[in-house]
Amino acid sequence: MASEATGVSGLAERYAAALFELADERRMLYEVASDLRQLRAMLAASPDLARLVRSPILTRGEQGKGIAALVERAGFTPLVRDFLAVVAKNRRLFAVPAMIEAYLRNLAERRGEVTAEVTAALPLSEGQLGLLSEQLRRSAGRRVSLEVKVDPGLIGGLIVKLGSRMIDGSIKSKLQRLQLAMKGAS
């Protein structure tokens with residue numbers, strides 16, 4: 001299983017690097033990033049689209065037609081359109097989510113920033129996001145871009161992943177630790 005994950009990640013890195021290089025040559029780094037963020041949101045919001053991307057049952061042609069229709073409707077740049085067509089033709093759509101993340105990581109690295117994944121129990125206000133971003137900037141020593149998700153299952157608090165570090169300040173995990181401590185005491 002670990003080697004499979006490494007294979008997908010290596011594949012995604014190579015495709016993302018190729019797209020990044022083409023976007024850089026055409027001075028379209030930010031337009032491509034915008035399209036990829038939009039595609040990532042679409043994948044998260046649509047189980048049918050996620051199935052289209054991951055299903056080994058669909059033929060190359062079916063996947064290609066589905067992606068072409070999506071790209072047309074979404075109004076993606078010609079570079080992203082062509083990139084997704086090649087990915088579909090090569091039967092690599094299953095790795096698109098990892099390709100998106102790798103591209104965005106490359107862009108952040110180019111801009112001299114690091115990305116922090118923040119999961120909060122409730123949506124954060126602009127003021128809270130600003131304070132969090134500033135604290136993380138001080139900790140990381142460079143600009144930090146935030147990717148914020150909301151998970152009501154946390155009950156309260158935050159989980160912050162910055163590089164290889166993770167800080168879990170959620171009430172859910174505190175309750176789990178308390179439960180484990182109580183089991184150990186009895």
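Residue indices begin at 1 and follow the sequence shown.
- Using modelled atom types and a 3.5 Å distance limit, the side chains of D151 and T119 yield no donor-acceptor pair.
- Taken together through direct or relayed side-chain contacts under 4.5 Å among Ile, Leu, Val, Met, Phe, Trp and Tyr, L122 and I167 form parts of separate hydrophobic clusters.
- The shortest distance between side-chain heavy atoms of V96 and L84 falls below 4.5 Å.
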message: Under the criterion side chain to side chain donor-acceptor pair (under 3.5 Å), I'd like the reasoning laid out for S46 against D48: C-alpha separation, chi angles, the key distance, then a yes or no.
response: CA-CA 5 Å; S46 171; D48 289 336; 5.1 Å; no

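- The side-chain hydrogen bond (donor to acceptor under 3.5 Å, both in side chains) test applied to R143 returns E113, not counting sequence neighbours.
- Using a 4.5 Å heavy-atom cutoff, the side chains of L178 and K174 are not in contact.
- Contact check for L104 versus F20: no side-chain heavy atoms found under the 4.5 Å cut-off.
- Taking a cutoff of 4.0 Å between a charged side-chain nitrogen and a carboxylate oxygen, R137 and E134 qualify as a salt bridge.
- Of the inter-residue distances, the one linking L39 atom CG with L70 atom CG reads 6.5 Å to the nearest 0.5 angstrom.
- Here the CG-CZ distance, from L93 to R91, works out to 8.0 Å after rounding to the nearest 0.5 Å.
- The distance from the CG atom of D168 to the NZ atom of K161 is 9.5 Å, given to the nearest 0.5 Å.
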message: Applying side-chain contact (heavy atoms from CB on, under 4.5 Å) to R165 and S139, what does each step give before you reach the verdict?
response: CA-CA 11 Å; R165 293 184 292 174; S139 173; 3.3 Å; yes

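- Across A120 and L158, no two heavy atoms sit closer than the pair CB-CD2, 3.4 Å.
- Between the side chain of Q128 and the backbone N or O of S125 there is at least one donor-acceptor pair closer than 3.5 Å.
- Shown here is E109, whose CD atom has no more than 12 heavy atoms of other residues, nucleotides or ligands within 6.0 Å.
- No more than 12 heavy atoms of other residues, nucleotides or ligands sit less than 6.0 Å from atom CD1 of I57.
- Here the side chain of Q63 pairs no donor or acceptor atom with the backbone of R60 at under 3.5 angstrom.
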message: Let's go through L43 and I100 carefully: what are the C-alpha distance in whole Å and the side-chain angles of both, what is the deciding distance for side-chain contact (heavy atoms from CB on, under 4.5 Å) to 0.1 Å, and is it a yes or a no?
response: CA-CA 11 Å; L43 285 166; I100 292 170; 4.3 Å; yes

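- A distance of 9.0 Å separates CG of N106 from CZ of R110, quoted to the nearest 0.5 Å.
- The line from CG of N90 to OH of Y15 is 4.0 Å long, rounded to the nearest 0.5 Å.
- Put simply, the side chain of S173 gets close to the backbone of S170: a donor and an acceptor are under 3.5 Å apart.
- Atom-to-atom distance recorded for L49:CG and R51:CZ is 10.0 Å, nearest 0.5 angstrom.
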message: Quick one, E13 with M99, criterion side-chain contact (heavy atoms from CB on, under 4.5 Å). Give me CA distance, side-chain angles, the key distance, then yes/no.
response: CA-CA 6 Å; E13 291 288 337; M99 291 175 195; over 6 Å; no

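- Using a 4.5 Å cut-off between side-chain heavy atoms of Ile, Leu, Val, Met, Phe, Trp and Tyr, I159 falls into a hydrophobic cluster with L154, M166.
- Hydrophobic cluster membership is shared by M42 and V71, with clusters built from Ile, Leu, Val, Met, Phe, Trp and Tyr side chains linked at under 4.5 angstrom.
- When all heavy atoms of A102 and A16 are compared, the closest pair comes out as CB-CB, 3.5 Å.
- Side chain of R142 to main chain of G112: no donor-acceptor pair is present (N/O by atom type, distance under 3.5 Å, no hydrogens or angles).
- Proximity of a side-chain donor or acceptor of Y103 to a complementary backbone N or O of L29 within less than 3.5 Å is detected.
- Applying the 6.0 Å contact sphere to CD of E126 captures no more than 12 heavy atoms from other residues, nucleotides or ligands.
- With a 4.5 Å cut-off on side-chain heavy atoms, L129 and L146 count as touching.
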task: Let me see the working for T115 and V144 under side-chain contact (heavy atoms from CB on, under 4.5 Å), right down to the final yes or no.
output: CA-CA 6 Å; T115 301; V144 176; over 6 Å; no

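- Looking at R40 and E147, a side-chain N of the basic residue comes within less than 4.0 Å of a carboxylate O on the acidic one, giving a salt bridge.
- Proximity of L107 to Y30: side-chain heavy atoms (C-beta onward) are separated by under 4.5 Å at one or more points.
- Each side-chain hydrogen bond (donor to acceptor under 3.5 Å, both in side chains) pair with one or both residues in residues 76-87, not counting sequence neighbours, appears once here: D35-T77.
- Within the 4.5 Å cutoff, the side chain of S34 has no heavy atoms near those of the M28 side chain.
- In this structure the side chain of L19 reaches within 4.5 angstrom of the side chain of L36, judged on heavy atoms.
- A salt bridge is absent between E21 and R26; no separation between the charged side-chain nitrogens and carboxylate oxygens falls under 4.0 Å.
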